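Inspection log for the structure reproduced underneath, given as structure tokens.
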There are 2 protein chains.
Amino acid sequence: MVVEIDLSDAEVDRIFRALADATRRDIVERVLTGEQSVSALADRYDMSFAAVQKHVAVLERAGLVTKQNRGRERLVRGNPDKIRRVQALLDRYERLWRARIDRLDALLAEPGPPSPSAPEQE
Amino acid sequence: MVVEIDLSDAEVDRIFRALADATRRDIVERVLTGEQSVSALADRYDMSFAAVQKHVAVLERAGLVTKQNRGRERLVRGNPDKIRRVQALLDRYERLWRARIDRLDALLAEPGPPSPSAPEQE
DNA sequence: AATTTCTACAACCATTTGGTTGTACGTTAA
DNA sequence: TTAACGTACAACCAAATGGTTGTAGAAATT
């Protein structure tokens, strides 16, 4: 399955920043298992309801979760499309990196020194 | 190839936070192509040398790049092992997410309503 | 009708972030 | 030797982050 990469810098900023917090990553894991209300999530953490509410808001702004009204509750659920795009993004990084390593390996495997390059001193 | 996932919460925090900035992501891409000195990197961006120096320090603390001394220069290069671990981490998220979607799909495909669940109103 | 539950949001606070400028020091070049 | 280059680091600043408490409103319960 091919996933398109059409995220703006600002979007990628928001996504990575949202994932740069252990509580928020934990929330993501929880709503992966099944949708949960904000207060149900808040019960799990040693912080105020408002704090958890803010974390959910950060995840929502990043597009990683969505909220749906059910009565007085707000059900939080994951956004699979977005996580696939993040996956594709990291996949691209990994491929670029691997390509560089492969080039270096090939260079080192050559018989003669291909270029004087840097004398590599500490 | 199997990559181990043994990163602490704090490490993952640092990695995601490091990637949550367009300039730093660009630096990562540049050093993927080949190692570069800090000043060579600084020339590329519309900000002070010290600012770029700080960005590199953030990437270094996250373990995404390393620096090596060559004379008066500090050569910045990528850390392939770390990026592979990040890749593995995201891979895990993606698999969890996909598993949930598959479960939901299976549920919806069943003939009778499996459970009354929520009346789904806005 | 009164109370409780779940949520939203404002105000506040300490800390971190991302930028700046300035100073100092080792290394290279003239 | 002197000048220029590359880097490190401190001090400073505005804005964002991550937490708090308090107030208010809509929905459910009693």
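Because only heavy atoms are used, hydrogens play no part in the values below, and waters and symmetry mates are left out as well, while side chains stay in. Chain naming here is simple, since letters A, B, ... match the order of the sequence lines and numbering starts at 1 in each. Keep in mind that what you see is a predicted model, and the values were worked out from it rather than measured.
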Can you tell me which residue pairs pass the salt bridge (Lys or Arg N to Asp or Glu O under 4.0 Å) test with a partner in residues 38-60 of chain B, sequence neighbours excluded? B/Glu60-B/Lys67
Partners of B/Glu11 by side-chain contact (heavy atoms from CB on, under 4.5 Å), sequence neighbours excluded? B/Leu7, B/Ser8, B/Arg14, B/Lys82
Contacts of B/Val58 meeting side-chain contact (heavy atoms from CB on, under 4.5 Å) (sequence neighbours excluded), chain-then-number -> B/Ala18, B/Arg24, B/Arg61
Quick one: list whatever passes side chain to side chain donor-acceptor pair (under 3.5 Å) with [X], sequence neighbours left out.
X: A/Gln53; result: none
X: B/Arg17; result: none
X: B/Ser39; result: B/Ser37
X: A/Thr23; result: none

Could you state the atom-to-atom distance from [atom1] of [X] to [atom2] of [N] in whole Å?
X: A/Leu75; N: C/dT7; atom1: CG; atom2: C1'; answer: 12 Å
X: A/Glu73; N: C/dT7; atom1: CD; atom2: P; answer: 6 Å
X: A/Leu59; N: D/dT17; atom1: CG; atom2: C1'; answer: 14 Å
X: B/Arg70; N: C/dT28; atom1: CZ; atom2: P; answer: 10 Å
X: B/Arg72; N: D/dC5; atom1: CZ; atom2: C1'; answer: 4 Å
X: B/Asp9; N: D/dG18; atom1: CG; atom2: C1'; answer: 16 Å

Holding to salt bridge (Lys or Arg N to Asp or Glu O under 4.0 Å), I want the full list of residues that pass it with B/Asp13, two or more places apart in sequence or in another chain. A/Arg25
Sequence neighbours excluded, which residues qualify as salt bridge (Lys or Arg N to Asp or Glu O under 4.0 Å) partners of A/Arg30? A/Asp26
In terms of side-chain heavy atoms of A/Lys67, which of C/dT7, C/dA8, D/dG18 is nearest? C/dA8
Are the side chain of B/Asn79 and the backbone of B/Val65 linked by a donor-acceptor contact shorter than 3.5 Å? no
Look at [X] and [N] and indicate whether a side-chain polar atom (N or O) is within less than 4.0 Å of OP1 or OP2.
X: A/His55; N: D/dT17; result: no
X: B/Gln53; N: D/dA8; result: yes
X: B/Arg74; N: D/dA8; result: yes

Return the 5'-most residue of the pair B/Lys54, B/Val38 with respect to DNA chain D, ranking by each residue's nearest nucleotide. B/Val38
Under 4.0 Å between any heavy atoms, over every strand shown, what does B/Thr23 touch: base, sugar-phosphate, or nothing? Just pick one. nothing
B/Asp21 side, atom CG; A/Asp9 side, atom CG - distance, nearest 0.5 Å: 9.0 Å
Pairs under 3.5 angstrom, nitrogen or oxygen only, protein versus nucleotides 14-17 of chain C, please.
none

Any protein N or O atoms within reach of nucleotides 23-25 of chain D? Criterion: under 3.5 Å, listing atom names and distances.
none

Non-hydrogen atoms of B/Val38 and B/Val52 that approach each other most closely: O-CG1, 4.3 Å
What residues from residues 39-51 of chain B pass a heavy-atom cutoff of under 4.0 Å to DNA chain D? B/Ser39, B/Phe49, B/Ala50
